[in-house]
A.B. asks: 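Mind looking over this structure? Questions follow.
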Amino acid sequence: MSVQQIPTGKIIDGEEVIAIELTNSKGTYVKIFNYGAIISKFVVKNANGEMQDIVLGFDDIEGYLDPAYLANYPYFGAVVGRYANRIKNGRFTIDGETYQLAQNAGTDTLHGGITGFDKKVWDVIDIVDGPQSAVTLQYESPDGEENFPGNLIVDLTFELTENDELILSFEAETDQATAINLTHHGYFNLAPKGGNIKNHKLQIFSSNYLEQDDNYSVTGKLIPVKDTAHDFTQLKEIGRDWNEDEGYDQTFVLDKIYGDLSLASKTIEDESGLTLNVYTTEPVAHLYTAKYLDVKNGKEGRDYESYSAFCVETQHHPNGINIPEFPSTVLRPEDLYTQTTVYKVSLNR
């Protein structure tokens with residue numbers, strides 16, 4: 001196992017952007033930028049003996065800052081916060097006080113607002129170079145940032161194991177009651193040469209998904225997946241039942257005990273022989289098949305088009321801050337926010 005810190009020479013808001021590489025004895029390695037806590041590379045050996053990168057992104061930090069990329073911004077590989085997904089009308093109330101956020105997705109707030117955690121330089125506060133390599137990043141979000149209340153401190157540890165597990169462990173504390181819902185927005189493709197992910201086989205351990213309005217904002221209603229195109233209770237090709245013009249952009253309520261680390265989804269790709277299992281302590285997983293993806297000059301000059309990746313965004317219920325029936329997304333000073341998500345890669349042949 002090893003950890004390397006690599007300066008990029010890039011300074012953003014007076015802070016240096018650093019790349020951190022975690023490598024295990026099998027040659028599996030993960031490259032993380034402290035800008036946006038972005039997972040830029042996740043390289044594993046496939047069943048054909050080839051080293052394969054299973055996440056979309058760019059070869060260097062400049063790609064993530066390019067104006068053309070930001071104009072149709074997909075949040076490649078970043079951590080999003082303070083609040084993942086949408087908050088209806090960009091508004092919520094805590095303890096009788098109402099907060100109005102920027103409405104950056106129609107009339108709603110998406111992924112924390114105009115400048116979320118995905119565009120911040122995080123501090124590298126700890127490095128572990130041992131049996132399991134790890135790095136801990138920290139971001140201190142000041143009271144009033146994007147109009148969220150409270151000074152919020154978030155620690156995120158990335159740990160790579162000998163079993164090809166990438167473990168993301170979050171902790172957060174606040175000095176004032178605030179809304180929080182963090183997720184990692186990784187774009188995965190398990191095929192050796194990329195391309196459309198419709199033939200990837202997917203299973204989601206969920207009996208219900210969340211109804212959304214026309215702007216993809218969650219309404220509070222649960223819909224059974226049975227006898228719908230959203231039924232992934234058994235392994236099936238992603239494109240088998242989908243509407244080809246829409247793909248999937250829905251939140252699935254996981255069949256699990258709240259807070260327990262359990263299997264949320266399994267994805268298999270036959271050509272590479274790779275399986276990606278996602279485990280989480282979170283209550284839901286949002287499946288996005290990248291309908292709106294349109295990125296030029298990605299890794300090795302590749303263009304990324306619609307449906308060339310899938311995201312499994314583990315989190316609390318979107319818009320849960322406005323729906324009392326959902327698990328609370330309010331963090332108070334006496335509490336500690338915790339979340340663990342694991343991406344485990346293995347061979348299926």
A.B. asks: Take atom NZ in K236; do more than 12 heavy atoms of anything else shown fall under 6.0 Å from it?
C.D. replies: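 Atom NZ in K236 is crowded, with more than 12 foreign heavy atoms closer than 6.0 Å.
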A.B. asks: For residues L347 and A47, report the shortest heavy-atom separation together with the two atoms involved.
C.D. replies: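 The pair with the smallest heavy-atom distance is CD2-N, 3.6 Å.
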A.B. asks: Is K291 paired with D249 through a side-chain N to carboxylate O contact shorter than 4.0 Å?
C.D. replies: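 Between K291 and D249 there is no salt bridge, as every charged N stays at least 4.0 Å from the carboxylate O atoms.
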A.B. asks: How far apart are the closest heavy atoms of A134 and T157, and which atoms are they?
C.D. replies: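 Between these two residues, the closest heavy atoms are CB-CG2, 4.2 Å.
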A.B. asks: Does the pair T161 and N163 meet the rule for a side-chain hydrogen bond (donor to acceptor under 3.5 Å, both in side chains), with working shown?
C.D. replies: CA-CA 5 Å; T161 75; N163 294 321; 4.7 Å; no
A.B. asks: Listed by chain and number, what are the ring pair (Phe, Tyr, Trp, His ring centres under 6.0 Å) partners of Y187, not counting sequence neighbours?
C.D. replies: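 Checked Y187 against ring pair (Phe, Tyr, Trp, His ring centres under 6.0 Å); matches are F76, H185.
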A.B. asks: What are the two closest non-hydrogen atoms of S206 and V225, and how far apart are they?
C.D. replies: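 Nearest pair, atom of S206 first, then V225: O-CG2, 3.6 Å.
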A.B. asks: Are K266 and T275 side-chain neighbours, meaning at least one heavy-atom pair lies under 4.5 Å?
C.D. replies: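 SC-SC contact between K266 and T275 confirmed.
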A.B. asks: Rounded to the nearest 0.5 Å, what's the gap from CG on N181 to CD on E282? Could you check?
C.D. replies: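 Rounded to the nearest 0.5 Å, the CG-CD separation comes to 7.0 Å.
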A.B. asks: For E305, does the CD atom sit with more than 12 other heavy atoms under 6.0 Å from it, leaving out its own atoms?
C.D. replies: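 Counting neighbours around CD of E305, 12 or fewer heavy atoms of other residues, nucleotides or ligands fall under 6.0 Å, so no.
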A.B. asks: Under a 4.5 Å cut-off applied to non-hydrogen side-chain atoms, are T338 and T281 in contact?
C.D. replies: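 Counting from C-beta outward, T338 and T281 never come under 4.5 Å.
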A.B. asks: Does any part of the side chain of T280, heavy atoms only, come nearer than 4.5 Å to the side chain of V342, both counted from C-beta?
C.D. replies: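 Answer no - side chains too far apart.
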A.B. asks: Rounded to the nearest 0.5 Å, what's the gap from CD on E237 to CD1 on I268? Could you check?
C.D. replies: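 One finds 11.5 Å between CD of E237 and CD1 of I268.
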A.B. asks: Considering residues at least two apart in sequence or located in another chain, which fulfil the side-chain contact (heavy atoms from CB on, under 4.5 Å) criterion with A37?
C.D. replies: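 A37 satisfies side-chain contact (heavy atoms from CB on, under 4.5 Å) with V79, W122, L137, L156, F158 once adjacent residues are dropped.
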A.B. asks: Any donor and acceptor pair, going by atom type alone, linking the side chain of Q203 with main-chain N or O of T233 inside 3.5 Å?
C.D. replies: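 A pair under 3.5 Å: yes.
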A.B. asks: Identify the heavy atoms of N34 and I18 that sit nearest to each other, and give their distance.
C.D. replies: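 So the two residues come closest at OD1-N, 2.6 Å.
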A.B. asks: If the condition is ring pair (Phe, Tyr, Trp, His ring centres under 6.0 Å), which residues does Y292 pass it with, not counting sequence neighbours?
C.D. replies: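 Not a single residue meets the ring pair (Phe, Tyr, Trp, His ring centres under 6.0 Å) criterion with Y292.
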A.B. asks: Sorted by first residue and then second, give each salt bridge (charged side-chain N to carboxylate O under 4.0 Å, His left out) pair with at least one member in residues 82-92; sequence neighbours left out.
C.D. replies: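 Sorted pair list: K88-D213.
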A.B. asks: Taking E140 for its side chain and V154 for its backbone only, find out whether a donor-acceptor pair lies under 3.5 Å.
C.D. replies: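 Pair absent, no side-chain N/O of E140 close to backbone of V154.
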A.B. asks: Taking the basic N atoms (NZ, or NE/NH1/NH2) and the acidic carboxylate oxygens, is any pair closer than 4.0 Å for K299 and D53?
C.D. replies: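 Result for this pair is yes, salt bridge flagged.
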A.B. asks: With sequence neighbours left out, what residues match K41 under salt bridge (Lys or Arg N to Asp or Glu O under 4.0 Å)?
C.D. replies: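 Per chain and number, K41 pairs via salt bridge (Lys or Arg N to Asp or Glu O under 4.0 Å) with no residue.
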A.B. asks: Under the ring-ring contact (aromatic ring centres under 6.0 Å, His included) rule, what pairs show up with a residue in residues 329-349, not counting sequence neighbours?
C.D. replies: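 Residue pairs with at least one partner in residues 329-349: H184-Y343, F188-Y343.
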A.B. asks: Looking at E244, I'd like to know if its CD atom is crowded, meaning that more than 12 non-hydrogen atoms belonging to other residues, nucleotides or ligands lie closer than 6.0 Å.
C.D. replies: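 Not more than 12 within 6.0 Å, no.
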A.B. asks: How many angstroms lie between CG in L110 and CD1 in I87, if you round to the nearest 0.5 Å?
C.D. replies: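 One finds 10.0 Å between CG of L110 and CD1 of I87.
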A.B. asks: Under 3.5 Å, side chain of D123 to main-chain N/O of I125, donor-acceptor pair present?
C.D. replies: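 Judged by distance alone, no pair lies under 3.5 Å.
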A.B. asks: Quick one: OG on S133 to CG on L22, what's the gap to the nearest 0.5 Å?
C.D. replies: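 Rounded to the nearest 0.5 Å, the OG-CG separation comes to 4.5 Å.
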A.B. asks: When rounded to the nearest 0.5 angstrom, what distance separates CG in N85 from CG in D108?
C.D. replies: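 If I round to the nearest 0.5 Å, the distance is 9.5 Å.
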A.B. asks: Less than 4.5 Å apart, side chain to side chain, heavy atoms only: is that true for I180 and T329?
C.D. replies: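 The answer is no; the side chains never approach within 4.5 Å.
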A.B. asks: State plainly whether the residues K201 and D270 are in salt-bridge range, i.e. N to O under 4.0 Å.
C.D. replies: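 A salt bridge links K201 with D270.
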A.B. asks: Before we go on, tell me: are the rings of H230 and Y248 under 6.0 Å apart, centre to centre?
C.D. replies: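 Ring centres of Y248 and H230 closer than 6.0 Å.
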A.B. asks: Decide if atom CG of D260 counts as having more than 12 heavy atoms of other residues, nucleotides or ligands within a radius under 6.0 Å.
C.D. replies: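 For D260, atom CG is crowded (more than 12 foreign heavy atoms under 6.0 Å).
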A.B. asks: Under a 3.5 Å distance rule, please check whether N46 uses its side chain to pair with a backbone N or O of L274 as donor and acceptor.
C.D. replies: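 No; judged by distance alone, with no hydrogens or angles, the pair does not exist.
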A.B. asks: Can you list every pair that meets ring-ring contact (aromatic ring centres under 6.0 Å, His included) and has a residue in residues 18-51, with sequence neighbours left out?
C.D. replies: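 Of all non-adjacent pairs touching residues 18-51, those that pass ring-ring contact (aromatic ring centres under 6.0 Å, His included) are F33-Y64.
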A.B. asks: Do Q315 and L182 have side-chain heavy atoms sitting under 4.5 Å apart?
C.D. replies: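 No - every pair of side-chain heavy atoms lies 4.5 Å or more apart.
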A.B. asks: Quick one: does any side-chain atom of N348 pair with a main-chain N or O of G273 as donor and acceptor, under 3.5 Å?
C.D. replies: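 Confirmed, N348 side chain pairs with G273 backbone.
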A.B. asks: Check ring pair (Phe, Tyr, Trp, His ring centres under 6.0 Å) between Y307 and all other residues, then give those that pass, not counting sequence neighbours.
C.D. replies: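 Only W242 meet the ring pair (Phe, Tyr, Trp, His ring centres under 6.0 Å) criterion with Y307.
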A.B. asks: Which ILVMFWY residues are connected to I257, directly or by a chain of links, through side-chain heavy atoms under 4.5 Å apart?
C.D. replies: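 Result for I257 is none, singleton.
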A.B. asks: Is any side-chain heavy atom of T314 closer than 4.5 Å to one of L168?
C.D. replies: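 No - every pair of side-chain heavy atoms lies 4.5 Å or more apart.
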A.B. asks: Measure from the ring center of Y83 to the ring center of H111 and say whether it is less than 6.0 Å.
C.D. replies: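 No, ring centres 6.0 Å or more apart.
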A.B. asks: Verify, without hydrogens or angle tests, whether N319 (side chain) and S217 (backbone) share a donor-acceptor contact under 3.5 angstrom.
C.D. replies: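 No, because the side chain of N319 does not come within donor-acceptor range (under 3.5 Å) of the backbone of S217.
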A.B. asks: Is there side-chain contact between I39 and V30, with at least one heavy-atom pair below 4.5 Å?
C.D. replies: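 Heavy-atom side-chain distance check passes, below 4.5 Å.
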A.B. asks: Heavy-atom count check: over 12 atoms from other residues, nucleotides or ligands less than 6.0 Å from K344 NZ?
C.D. replies: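 For K344, atom NZ is crowded (more than 12 foreign heavy atoms under 6.0 Å).
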A.B. asks: Using atom types as modelled and distance alone, determine if a side-chain donor or acceptor of T251 lies under 3.5 Å from a backbone N or O of H286.
C.D. replies: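 No, because the side chain of T251 does not come within donor-acceptor range (under 3.5 Å) of the backbone of H286.
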A.B. asks: How about P283 and K256: do any of their side-chain heavy atoms sit closer than 4.5 Å?
C.D. replies: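 Not in contact.
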A.B. asks: Test salt bridge (Lys or Arg N to Asp or Glu O under 4.0 Å) on R332 and D95 and set out the steps.
C.D. replies: CA-CA 11 Å; R332 297 183 179 277; D95 299 336; 2.9 Å; yes
A.B. asks: Heavy atoms only: give me the nearest A177-V330 pair and the separation to one decimal.
C.D. replies: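 Heavy atoms only, the tightest pair is CB-CG1, 4.3 Å.
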A.B. asks: Kindly compute the distance separating OH (Y75) from SG (C311), expressed to the nearest 0.5 Å.
C.D. replies: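 Y75 OH to C311 SG: 12.5 Å, rounded to 0.5 Å.
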A.B. asks: Enumerate, atom names and distances included, each donor-acceptor pair closer than 3.5 Å involving a side-chain atom of residues 143-152, sequence neighbours excluded.
C.D. replies:
residue, atom, partner, partner atom, Å
D143, OD1, G150, N, 2.7
E145, OE1, Y139, OH, 3.2
E145, OE1, S141, OG, 2.5
E145, OE2, K120, NZ, 3.3
E145, OE2, Y139, OH, 2.6
E146, OE1, I114, N, 3.0
E146, OE2, T115, N, 2.9
N147, ND2, Q100, O, 2.7
N151, OD1, D143, N, 2.9
N151, ND2, D175, OD2, 2.7

A.B. asks: Which residue pairs satisfy the ring-ring contact (aromatic ring centres under 6.0 Å, His included) criterion with at least one member in residues 255-279, sequence neighbours excluded?
C.D. replies: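 As it turns out, the ring-ring contact (aromatic ring centres under 6.0 Å, His included) pairs with a partner in residues 255-279, which skip direct neighbours, are Y258-H316.
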A.B. asks: Mark yes when over 12 heavy atoms from residues, nucleotides or ligands other than Q234 sit less than 6.0 Å from its CD; otherwise mark no.
C.D. replies: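 Result for CD/Q234: open.
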A.B. asks: How would you list all residue pairs meeting salt bridge (charged side-chain N to carboxylate O under 4.0 Å, His left out) that involve residues 56-76, not counting sequence neighbours?
C.D. replies: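 Of all non-adjacent pairs touching residues 56-76, those that pass salt bridge (charged side-chain N to carboxylate O under 4.0 Å, His left out) are K10-E62.
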A.B. asks: Which atom pair, heavy atoms only, marks the closest approach of L70 to L65?
C.D. replies: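 Scanning both residues completely, I find the closest heavy atoms to be CD1-O, 3.7 Å.
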A.B. asks: Any donor-acceptor pair under 3.5 Å linking the side chain of N24 with the backbone of K26?
C.D. replies: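 Flag set: sc N24 to bb K26 pair under 3.5 Å.
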